[in-house]
Amino acid sequence: MKLVPFVMERTQSVWENRVELNISESGVTPLTLGELLDGASIDDTKLIYPQTNGTPELRDAISDLYPGSGAENILATNGTAEANYISVLSTLEPGDEMVVMTPNYMQVVGLARSIGANVKLLPLHEELGWAIDPDELRKMVTDKTKLIAVCNPNNPTGAVMSENAMREVAKIAGSVGAWILSDEVYLGAELNGEPSATYWGWYDKLMVTAGLSKAYGLPGLRMGWVVTDKERAEYLWSYKDYTTIAPSALSDRLATHALEPARRTKILERTRAILNDQQPVLAAFVERHGNHMSWVKPKAGAIAFIRYSWDINSTTLMERLRDEKGVFIVPGDHFEMDHYMRLGYGYHKEKLEKALTRCSEFFKDLD
Ligand SMILES: Cc1ncc(COP(=O)(O)O)c(C=O)c1O
């Protein structure tokens, strides 16, 4: 398999720690180890290979998030990235079809194309608040459709699927026997504090992927998971034997600690507080440039997908903002949608304000 480049991840990896003002991040300011431990000690953690699908304690803690599931339904992975990787690789073969809502985090798209699957893009409609039209999905699926991939809450739009749309997608997937892959890594980062619905329990041929990087502000733990039926969890585990074998012992322990119910609630409250405090800063910026910019206000996650009307390609915009203003954004091109930009507003507030002021200077010159 020859991998197609994952342009967004690579561009971010190269630049995110080199630029002065990084507003390309999709999460909130990560916790420090001290904040996460909050006085607890993990000094006695044995630096062994832990149980390779995740310790029973960790898988119990994860399964608590998915009513009706147990440890046997969980495969712990190194980030949601590994969870998605294993889920896609284990499901698609060359010539299969995958339908994926778009715009979307491009990992599943890139993997499916690398495998030689036929990728069909199901548009999220901006005028519908970045929602799908189930009729379009109905027309797209065939008996070759092996996988329908959704991302809910969505990266890059921050939109949340309605429960009605979720039900329709499940019905349509069922009509052709397709798997659903539901990437829910932003679940828990809703600004109004009402967690969006997980797909768990809604459909049988289901792989839910998620992790601690976004809603929990713990990307450095590299902790993710797949929740699926017991047989599938066993099967996916066999892929992990070939990828990373096991989670790191430290991350397994720290993730179990983070997911203790009271701590989990506290962490999610912190995330929401950051989002609600900082989204108005971005809203004021979009309003300031209302002649040239529009958005559907994101409901979840620290990201917004903003449309602009200046006559400048989004990659050029990203490069010029980076080189001339020291500000790093994600261009719409990375989602195959030019004339959009994804801005992250969950990191340091003062830096966000400074970055947006510099963007405004740049746009003023474009005017
Ligand atoms: C939708 C989505 N899925 C997966 C990932 C990868 O996350 P992780 O850090 O958990 O591997 C990201 C990262 O940006 C994402 O936005």
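As the structure is a prediction and not an experimental result, all values here were calculated from the model. First listed ligand is number 1; within each ligand, the first listed atom is number 1. Only this structure's heavy atoms are used, side chains among them; waters, hydrogens and symmetry mates stay out.
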Near Ser26 (heavy-atom distance under 4.0 Å), the atoms of ligand 1 are 14 (O)
Check Lys139 with Glu136, please: is the shortest side-chain N to carboxylate O separation under 4.0 Å? no
Lys/Arg N to Asp/Glu carboxylate O, Arg138 vs Asp135, below 4.0 Å: yes
Under 4.0 Å to a heavy atom of Arg222 - the qualifying atoms of ligand 1, by number: 8 (P), 9 (O), 11 (O)
Short version for Pro219: what comes under 4.0 Å of ligand 1, heavy atoms counted, is neither
State the atoms of ligand 1, each with its element, that fall below the 4.0 Å cut-off from a heavy-atom position in Asn84. 3 (N), 4 (C)
Write out the residue and atom name of the closest protein heavy atom to atom 7 (O) of ligand 1, then the distance separating them to 0.1 Å. Thr80 CB, 3.8 Å
Provide the number and element of each atom of ligand 1 under 4.0 Å from a heavy atom of Cys151. 1 (C)
Closest to atom 16 (O) of ligand 1 (judged by heavy-atom distance), picking from Asn155, Val108, Leu221: Asn155
Check whether any N or O atom of Ala81, backbone or side chain, sits under 3.5 Å from an N or O atom of ligand 1, and answer yes or no. yes
min-distance protein heavy atom vs atom 5 (C) of ligand 1 -> Tyr105 CE2, 3.4 Å
Provide the closest heavy-atom pair for Asn155 versus Tyr186 in the form atom of the first, atom of the second, distance. ND2-OH, 3.4 Å
Please confirm whether Phe363 and Tyr308 have ring centers closer than 6.0 angstrom. no
More than 12 non-hydrogen atoms from neighbouring residues, nucleotides or ligands closer than 6.0 Å to CD on Glu93, yes or no? no
Take atom NZ in Lys146; do more than 12 heavy atoms of anything else shown fall under 6.0 Å from it? yes
Do you see a donor-acceptor pair shorter than 3.5 Å between the side chains of Glu184 and Tyr66? no
If you count the non-hydrogen atoms of other residues, nucleotides and ligands that lie under 6.0 Å from CZ in Arg288, is the total more than 12? yes
Taking only heavy atoms of Gly79 into account, list the atoms of ligand 1 that are under 4.0 Å away from them. 10 (O), 11 (O)
Would Tyr239 and Glu82 count as a side chain to side chain donor-acceptor pair (under 3.5 Å) here? Give the steps. CA-CA 10 Å; Tyr239 277 76; Glu82 190 189 25; over 6 Å; no
What I want to know is whether Ser213 and ligand 1 share at least one N or O pair that is separated by under 3.5 angstrom. yes
For ligand 1, find out whether one of its N or O atoms is nearer than 3.5 Å to an N or O atom of Tyr186. yes
Closest to atom 14 (O) of ligand 1 among protein heavy atoms sits Lys214 NZ, 3.0 Å
Which residue holds the protein heavy atom closest to atom 3 (N) of ligand 1, what is that atom called, and what is the gap in Å? Asp183 OD2, 2.6 Å
